[in-house]
Amino acid sequence: AIEPGKQLHAHLIINGIGFNTILATKLVNLYCICKYVSHAHNLFDRIPKGNLFLWNILIRAYAWDGPHEVALSLYYQMLEYGLIPDNFTYPFVLKACSALSAIEQGRDIHENVIRTGWESDVFVGSALIDMYAKCGCVESAREVFNKILARDVALSLCREMAMAGLRPTVATLVTVIAASSDIAALPRGREIHGVCIRLGFESQDKVNTALVDMYAKSENRMVSWNAMIAGYAMHGHATEALALFEEMNKQETPPDHITFVGVLSACSHGGLMEKGTKFFEMMTKDYSIIPTVQHYTCMVDLLGHSGRLDEAYDLISKMSVKPDTGVWGSLLNSCKLHGNVELGEEALVRLIDLEPRDAGNYVLLSNLYAQVGNWEGVAKMRKLMKDRGLKKSIACSWIKLKNEVHAFLVEDMSHPQSEQIYAELERLERLMIQAGYVPDTTPVFHDVEDDEKTSMVLGHSERLAIAFGIINTPPGTRLLVTKNLKVCDDCHVAIKFISKITEREIIVRDVNRYHHFNDGKCSCGDYW
C-alpha cells in the first residue's frame, strides 16, 4: 500500500522523525517491497548505515529487480563500511551474481562466505549452488552441495532415550529437530513432530520455532537437490543428474514434481529413452505425482528426438492437461530434426492457434521445408510472415570480459574490433576446412550464391562473440558466451572444430541449455 505509506513518511518528516534509523529502515523496506527502489535508495543515502538489516533490504531489492550491478556495488560498499555479511546478505548478492553470470565476483563472495563461517548454511549453500550452476561451473556447485549435507548423531541418541523409557525435555526436542534439519531427514523430523504433539509439547514456543526452522530448511534443501539435478541436466551431464537422483532417494528425501522435471530433462538431453520412460512411470505410480505440462514437454522431446514422432503425437493427444507452446514447439523441433513435414505442419497449426505472433515457429517450419528441398513451402512461409507483419527474432550473443559486456548481432560490424574479429574468423575457417569442416548453409534459404551463404553463416552472432573472446584473452582461457536463441546446426559443428583448434573450453548458453565444447566434442553429445 504505497500511497498511505508515502503519507505516513511525510507525517514522520513533519514531526521531525523522518530520519530516525529504526523508522527509516522500515520505510526503506516499504519502498523496496512496493518496488519504489529509487525512493528507498534516496532515503538510504540520507540515514546512518550501521544497521546490517538496512543494507540487506536494499541489496535484496536490487538482486530481485535489478539493476543487479547495484546489488554487487552495495555489497562491496557495505564491506568498506565495516559490516560483516550474514546468511541473509549472501543469498541476495549471490542471486545478483547469478543474474549477471559474474563468476569472478561470485568466487570472491564465496571466499568471504568461508571466512565468515556461513558455507554450510543451507540458504547460503543453495545460493552458491545456483550461482555456480548458472555460471557454468558445475564441479564447484557440487563441492558446495556436498558440504551442506552434514551428518549428526542426535537422532540415534534420541532413539536410545525412547527405548530406555526416558521422557525428552524441551531442550532435547529442540536439539533433535535441529539435527533433522541438518541431515535432511524430513521423514524423521515429521515423526519427531508427532512425538511433540503426543507428549504435549505443541504449545512450547521453542519447540515450534525449531519445527518451523526444520520445515523451512528441508524445503530449501529440496531446492538444493533440484537445482543440482536441473543444473547437471542443463549442462548435458545426464549420468551425473541421475546419480544424484539415486543419492537423493538413499537419503530419504522424497522427490517432488520439480525434481522429476530435472530428471526427465536429463533423460531428454542425454537421449536416455528407456530411463526417461521408467522415471515418468515412477513419478505417477510410486510418488502419485500428476504430470504437469513441463513433464509432458520433456517426454515429447525425448520421444521426438528418438525418432518416435507418432508416439510423441499420441502422448500429446492423451495429455491430462492442455498442451502449451512448449509441447508443440518440441514436436515441431523434432519434426525438423527428422524431416517429417506433415507432422511439422500439424504442429505449426497448433502453435499459431496459441502464439499467432511468434515468428520463430514460422522460421522453424521454413527451415524444415528448406531441409527437404521444398522451396515452395519456404516461399509460402516467408509470404505468410510478410502478410502478418512478422519478423524473425534478431539473434544476439554476448560475452563478458573484464567486467564489460560485449554484444554482437548477425554480421555485426559495429564493434570497434570488427576488423580483427572477422580476420580471426577467416583464419579459423581456413583451419577448420583443413580439419574437415564443411559449412551447412541449409538454414540460409535466401536466393543468394553459395559463397554468400557461407559468408552469412560465418557472421552468426555466437561466432563473432567467440572470435572476440579468442583475440582478447590469453591462450587456453575458457570462454562463456550467451545467446538469446538456439545455436544453429552449423555453428554447433563449427564451435566443436574451434574448441579443438584453439585448445579451449567454450561454453555457449543458448535459450535451451548449456553446451560445453572441448577438444572437438560437445557435452550434449550432438543430442539437442
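A quick note: this is a predicted structure, and the numbers were derived from the prediction, not measured. We use all heavy atoms of the structure for the numbers below, so side chains are in, but hydrogens, waters and symmetry mates are not.
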Answer with yes or no after comparing the ring centroid distance for Phe279 and Phe260 against a 6.0 Å cut-off, counting only values under it.
-> no
Ring geometry between Phe408 and Phe468 (parallel below 30°, tilted from 30 to 60°, perpendicular above 60°) = tilted
Could you walk me through whether Asp256 and Asn226 pass side chain to side chain donor-acceptor pair (under 3.5 Å), step by step?
-> CA-CA 9 Å; Asp256 61 9; Asn226 290 347; 3.2 Å; yes
Step by step, work out the side chain to side chain donor-acceptor pair (under 3.5 Å) result for Asp490 and Tyr437.
-> CA-CA 10 Å; Asp490 183 69; Tyr437 165 69; 2.8 Å; yes
Under 3.5 Å, side chain of Ser397 to main-chain N/O of Lys483, donor-acceptor pair present?
-> no
Do Ile399 and Leu479 have side-chain heavy atoms sitting under 4.5 Å apart?
-> yes
Polar side-chain atom of Ser330 near backbone of Gly326 as donor-acceptor pair, under 3.5 Å | no
Would you say Thr292 and Val321 make side-chain contact, with heavy atoms under 4.5 Å?
-> no
What one should report as the nearest heavy-atom pair of Ala312 and Gly304 is CB-N, 4.2 Å
Test item: Tyr514 and Ser523 side chains (from C-beta on) under 4.5 Å apart, heavy atoms | no
Any donor-acceptor pair under 3.5 Å from Ser268 side chain to Leu264 backbone | no
Do Met234 and Asn512 have side chains that get closer than 4.5 Å, going by heavy atoms?
-> no
Does Tyr287 have its ring centroid less than 6.0 Å away from the ring centroid of His257?
-> no
Any donor-acceptor pair under 3.5 Å linking the side chain of Thr502 with the backbone of Ile498?
-> yes
With the side chain counted from C-beta on, respond yes when Val341 and Cys335 share a heavy-atom pair under 4.5 Å apart, and no when they do not.
-> no
Euclidean distance, Tyr369 OH relative to Arg382 CZ, rounded to 0.5 Å = 14.5 Å
Carefully, step by step, assess Lys400 and Thr482 under the rule side chain to side chain contact (heavy atoms under 4.5 Å, CB included).
-> CA-CA 9 Å; Lys400 187 174 183 180; Thr482 306; over 6 Å; no
Just wondering, more than 12 heavy atoms not from Glu246 lying within 6.0 Å of its CD?
-> yes
Minimal heavy-atom distance between Trp398 and Asn484, with the atoms involved, is CZ3-N, 4.1 Å
Less than 4.5 Å apart, any side-chain heavy atom of His516 and any of Cys522?
-> no
Derivation and outcome, side chain to side chain donor-acceptor pair (under 3.5 Å), residues His415 and His406 | CA-CA 8 Å; His415 196 277; His406 299 262; 3.1 Å; yes
Roughly how far apart are Glu139 CD and His235 NE2, rounded to 0.5 Å?
-> 11.5 Å
Do other residues, nucleotides or ligands put more than 12 heavy atoms under 6.0 Å from Lys521 NZ?
-> no
May I ask you to decide whether Lys486 forms a salt bridge with Asp510, counting only side-chain N to carboxylate O separations under 4.0 Å?
-> no
Residues Cys488 and Glu462: closest non-hydrogen pair is N-OE2, 3.8 Å
Would you name the heavy atoms of Asp412 and Ala407 that are closest together and state the gap between them?
-> OD2-O, 4.1 Å
Could you tell me whether a side-chain N or O of Ser499 sits under 3.5 Å from a main-chain N or O of Gly520, the two making a donor and an acceptor?
-> yes
Separation between CG of Asn518 and CD1 of Ile495, rounded to the nearest 0.5 Å = 13.0 Å
What distance do Met432 atom CE and Leu425 atom CG have between them, rounded to the nearest 0.5 Å?
-> 9.0 Å
Could you tell me whether Gln417 atom CD has more than 12 heavy atoms of other residues or ligands within 6.0 Å of it?
-> yes
Sidechain N-carboxylate O distance under 4.0 Å for Asp65, Lys35 | yes
Enter the distance from Asp358:CG to Leu364:CG here, rounded to the nearest 0.5 Å.
-> 10.0 Å
Does the side chain of Arg427 come within less than 4.5 Å of Arg430's, by heavy atoms?
-> yes
Do the ring centers of Tyr132 and His110 come within less than 6.0 Å of each other?
-> yes
Evaluate the side chain to side chain contact (heavy atoms under 4.5 Å, CB included) criterion for residues Asp519 and Glu503: first the C-alpha distance (whole Å), next the side-chain angles of each, then the deciding distance (0.1 Å), finally the verdict.
-> CA-CA 6 Å; Asp519 194 31; Glu503 298 182 346; over 6 Å; no
What's the shortest heavy-atom distance between Ser306 and Leu302, and which atoms?
-> OG-O, 2.8 Å
Donor-acceptor under 3.5 Å (Arg504 side chain, Arg478 main chain) = no
Would you say the side chain of Val261 lies within less than 4.5 Å of the side chain of His295, judging by non-hydrogen atoms?
-> yes
Ignoring hydrogens and geometry, is there a side-chain-to-backbone donor-acceptor pair from His305 to Asp301 under 3.5 Å?
-> yes
Closest non-hydrogen atom pair between Cys97 and Cys135, with its separation | O-SG, 4.4 Å
Interatomic spacing from CZ in Arg463 to CD1 in Ile470 - rounded to 0.5 Å | 11.5 Å
Glu346 bridged to Arg350 by N-O distance under 4.0 Å = yes
Are the side chain of Arg357 and the backbone N or O of Arg388 linked by a donor-acceptor pair below 3.5 Å?
-> yes
Should Lys336 and Asp489 count as an ion pair when the cut-off is N to O under 4.0 Å?
-> yes
Please confirm whether the backbone N or O of Gln105 pairs with a side-chain atom of Asp108, one donor and one acceptor, at under 3.5 Å?
-> no
Enclosure of Asp310 CG (heavy-atom neighbours >12, cutoff 6.0 Å) = no
So Val124 and Glu119, side chain to side chain contact (heavy atoms under 4.5 Å, CB included) or not? Walk me through it.
-> CA-CA 7 Å; Val124 177; Glu119 191 180 28; over 6 Å; no
Between Glu355 and Asn361, does a side chain to side chain contact (heavy atoms under 4.5 Å, CB included) hold up when you go through it step by step?
-> CA-CA 9 Å; Glu355 285 184 338; Asn361 298 323; 3.9 Å; yes
